[in-house]
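These notes are about the structure you will find just below.
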Amino acid sequence: MTQGVVQDKVSQALVGALRSAQQRGMLKLEQMPTINLEAPKRPEWGDVSCTVAMSLSASERRPPFEIAQIIVDHIEQRDALFSRAEIARPGFLNLTVKRELWMDVLREIEAQGERYGHSLVGRGRRVLVEYVSANPTGPLHVGHGRGAAVGQALVRLLRATGHDVVSEYYINDAGRQMKLLGLSVLARYREACGQPVSFPEDGYHGGYIRTVAEHVKAEQGVVLLSLPAADAEQRSRDFAYRELLALIRQDLETFGIAFESWFSEASLLSSGAVEQVLSELRARDLLFDQEGAQWFRSSAFGDEKDRVVRKQEGDYTYLASDIAYHRDKLRRGFDLLVDVWGADHHGYIPRMQAVVQAYGYPKERLRVVLVQMVNLLRGGQKVEMSKRSGEFITLREVMDEVGADAAKFFFLMRDSSTHLDFDLELAKQQSQENPVYYVQYVHARIASLRRVAASRGIACPLPSQADLNVLEDPDELALIRKLSAFPVVLQASAVELEPHRMAYYLRELAGMVHPFYNKHRILPPAPDSEAVTAASTEQVAPSARTAEAMTPGLTGARLALMWAVQQVVRNGLNVLGVSAPEQM
RNA sequence: GCGCCCGUAGCUCAGUCGGAUAGAGCAUCAGCCUUCUAAGCUGAGGGUCGCUGGUUCGAUUCCAGCCGGGCGCACCA
């Protein structure tokens with residue numbers, strides 16, 4: 001695990017200091033503490049601070065301030081690493097790392113390139129991320145879109161941290177919902193053929209059902225009218241299933257998402273996997289009969305009550321196939337199963353964890369990421385949606401209106417477990433208020449900078465080719481420190497399964513870059529604008545950045561810095577599945 | 001009734017091994033376009049971190065109880 005090139009050095013130095021203090025009998029250190037470094041909020045607290053002295057206070061039975069003093073006194077080569085090492089009130093270790101050392105961050109970014117921020121913490125760990133998994137009974141709506149964005153980001157985050165990841169879509173192509181789909185389409189089909197029909201109760205009312213029915217009619221004519229009801233229903237269902245699943249795939253493709261694996265629920269029933277799993281459970285007394293139904297003894301694993309897996313009428317419940325599905329996933333040898341679910345399914349978690357435990361795995365083997373509802377707004381006004389009447393906003397509509405990038409970024413901006421207000425007007429606005437553009441624009445702006453430089457014949461050195469020692473401004477160092485935090489953010493984002501952390505980081509970074517750009521020059525003033533400035537009256541107050549003397553060396557170093565910024569923004573957006581445009 | 005999630009600035013939200021004077025965006029107000037993209041920037045105001053106790057050097061963070069909001073509690077998925 002790396003906390004960044006500079007932070008790692010600081011960590012090592014502190015561990016070294018602790019060890020040497022221990023050897024000289026200054027500290028007992030029954031357990032070597034983990035060195036936790038943080039970026040202090042105030043500049044006078046240095047670059048990096050550490051609270052280890054305070055956490056040792058209890059076990060050492062000494063005031064934290066003394067411990068901090070001992071640590072500082074035992075840092076080897078203190079002057080080579082730090083320009084300042086101070087102790088603050090309770091026992092904070094406030095360290096200021098030598099400026100030259102921070103430049104290693106830029107060289108590290110160059111050396112790692114697209115892999116900067118990536119790590120190997122997940123090495124050897126196989127993870128299955130199952131997400132979207134919407135019923136193939138209609139087009140994807142916004143809520144699915146959020147789940148899709150979250151799932152994809154998780155897949156990318158986990159890969160970036162060295163996990164071996166498979167993405168999978170579980171197709172609920174069995175059961176009652178599919179039956180209703182067939183009945184709904186058949187009803188619309190009969191309608192289209194001029195037959196008066198009563199629409200099935202709980203059927204799907206969306207307009208797309210009519211479209212599917214039209215397609216059935218166009219392809220098969222009126223033959224369904226003369227088929228036995230069960231056959232007509234079967235044909236309608238199969239047709240609708242294929243068409244709607246294809247539609248879902250298309251929507252996902254447009255959204256920039258492709259699954260490696262599509263897993264069919266029906267296949268679990270037809271292969272006998274469901275029956276087999278249930279008999280396995282019965283053999284272990286985890287399945288019992290009661291009131292004519294079959295029950296899974298989930299209460300044995302912490303669920304609040306037992307659950308029906310086979311109804312009185314003989315049909316399997318959704319849980320039955322879900323047991324078989326998760327059994328299958330576990331059997332495929334994954335070290336971790338990540339399920340992305342709508343938050344309204346949260347009551348289902350203990351049940352699935354019971355399944356995992358029933359098969360002898362710790363319940364942590366399954367981690368469920370809940371995705372809360374999306375509130376669509378348009379200019380602050382709520383867009384009403386009602387799934388019952390079929391009047392919901394589709395992912396397709398949102399993508400058409402604001403684009404896939406903006407939609408994804410908005411979906412990922414907040415903790416997925418909280419309600420999200422998604423303002424369509426804001427998302428398509430090309431202005432600073434729109435966080436997507438604000439972040440993407442950093443990337444585009446730096447690209448633009450380099451285009452201008454090229455057109456003027458100014459070289460754009462990489463960090464290793466530039467003399468970075470001229471980067472002395474506090475704003476430059478602040479940017480570099482922010483870049484140095486990227487690996488930690490990426491890792492935390494992945495480990496906690498919380499992509500919104502990365503989105504926040506990128507917005508913060510953008511919030512430093514744009515002001516920097518405005519305050520400081522990077523390229524020298526263009527020859528013609530210089531002439532104009534010289535010709536204009538001298539009473540124009542020079543702004544901070546025109547006052548800065550631009551030398552070729554400084555331009556080169558700042559271009560190298562911007563190159564690194566751009567790389568980090570690109571890596572961050574990439575992990576969220578959002579594009580990094582060269583031009584906007 | 002039981003369970004899960006949430007309650008932080010006017011609004012939307014960060015803050016996850018407990019740390020220093022609690023942050024960001026938007027909105028509001030006051031400014032900035034002869035400039036490398038104003039698709040941008042500068043500054044200001046704004047808070048009893050739902051309430052009450054507990055744990056300790058220290059609590060927005062952990063624990064208990066209460067108040068308020070959401071969701072779940074199917075032989076639906």
Side-chain angles (χ1 to χ4, degrees), chain A residues 34 36 38 40-42 45 49 51 54-55 57-58 63-64 88-92 94 135 137 172 175-177 180 202 265 291-295 304-305 307-319 321-322 342-350 370 372-373 380 413-415 417-421 423 426 429-435 437-438 440-441 444-446 448-453 456 458 492 495-496 498 500-501 503-505 507-508 511 514-526 528-530 532-533 535-536 540 543-546 555 558-559 562 583-584:
Chain A
T34 50
N36 218 310
E38 45 191 74
K41 294 172 202 155
R42 310 175 77 80
W45 294 338
S49 69
T51 58
M54 287 178 286
S55 56
S57 173
R89 281 163 274 172
F92 288 97
N94 289 340
N135 291 351
T137 53
N172 298 121
R176 187 177 131 83
Q177 303 306 318
L180 282 170
D202 300 330
E265 179 188 4
E291 296 162 12
Q294 292 182 6
W295 301 69
E304 54 188 19
K305 53 187 254 193
R307 309 290 176 175
V308 170
V309 290
R310 188 171 191 172
K311 310 176 200 173
Q312 282 178 339
E313 313 90 78
D315 290 343
Y316 292 112
T317 63
Y318 178 82
L319 178 61
S321 36
D322 232 356
D344 54 338
H345 289 61
H346 69 79
Y348 207 76
I349 296 175
L370 295 178
Q372 260 295 2
M373 283 177 45
M413 256 181 344
R414 302 262 135 75
D415 182 341
S417 68
T418 67
H419 288 264
L420 172 70
D421 281 339
D423 195 316
L426 178 60
Q429 226 172 70
Q430 308 203 340
S431 73
Q432 58 162 328
E433 291 130 66
N434 182 349
Y437 281 84
Y438 193 67
Q440 285 185 317
Y441 186 42
R445 185 168 236 180
I446 294 170
S448 159
L449 213 44
R450 280 217 300 282
R451 285 193 295 270
V452 172
R456 289 210 226 145
I458 297 168
V495 169
E496 304 293 336
E498 291 182 345
H500 74 277
R501 295 183 182 218
Y504 261 85
Y505 171 85
R507 201 157 61 162
E508 282 167 4
H514 289 306
F516 182 90
Y517 175 90
N518 191 259
K519 183 172 170 189
H520 302 283
R521 281 213 76 90
I522 291 160
L523 302 179
D528 51 340
S529 80
E530 207 169 27
V532 174
T533 307
S536 67
V540 177
S543 72
R545 82 177 179 187
T546 50
T555 286
R558 283 187 176 163
L559 279 168
M562 287 299 125
Q583 208 163 348
M584 291 173 76

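Here is the naming used below: chain letters follow the sequence lines, and residue numbers restart at 1 for every chain. Note: hydrogens, waters and symmetry copies are ignored here, and every other heavy atom, side chains too, is used.
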Would you indicate, yes or no, if B:G15 has its OP1 or OP2 atom less than 4.0 angstrom from a side-chain nitrogen or oxygen of A:His500? yes

Mind calculating the distance between CD (A:Gln372) and P (B:C4) to the nearest angstrom? 16 Å

Base B:C71 paired with A:His346 side chain (donor-acceptor, <3.5 Å): yes

Find the distance A:Asn94:CG to B:U21:P and express it as a whole number of Å. 13 Å

Under 5.5 Å centre to centre and under 30° between planes: does that hold for A:Trp45 and the six-membered base ring of B:A20? yes

Base of B:A77, side chain of A:Thr317 - is there a donor-acceptor contact under 3.5 Å? no

Against the side chain of A:Asn135, the closest entry in B:C36, B:U21, B:A77 is B:A77

Would you say A:Glu265 and A:Ser321 are linked by a side-chain donor-acceptor pair, where the criterion is simply a distance under 3.5 Å? yes

Please state whether the rings of A:His514 and A:Tyr438 are parallel, tilted or perpendicular, taking 30° and 60° as the class boundaries. tilted

Are A:Arg176 and A:Asp202 close enough for a salt bridge, meaning some N to O gap below 4.0 Å? yes

Does a side-chain N or O from A:Thr51 land closer than 4.0 Å to OP1 or OP2 of B:G19, or not? no

With respect to the phosphate group of B:A14, does any side-chain polar atom (N or O) of A:Thr418 fall under 4.0 Å of OP1 or OP2? yes

Quick one: which of B:G40, B:U16, B:A20 gets closest to the side chain of A:Pro40? B:A20

Is there aromatic stacking of A:Tyr517 against B:G40, centre distance under 5.5 Å, plane angle under 30°? no

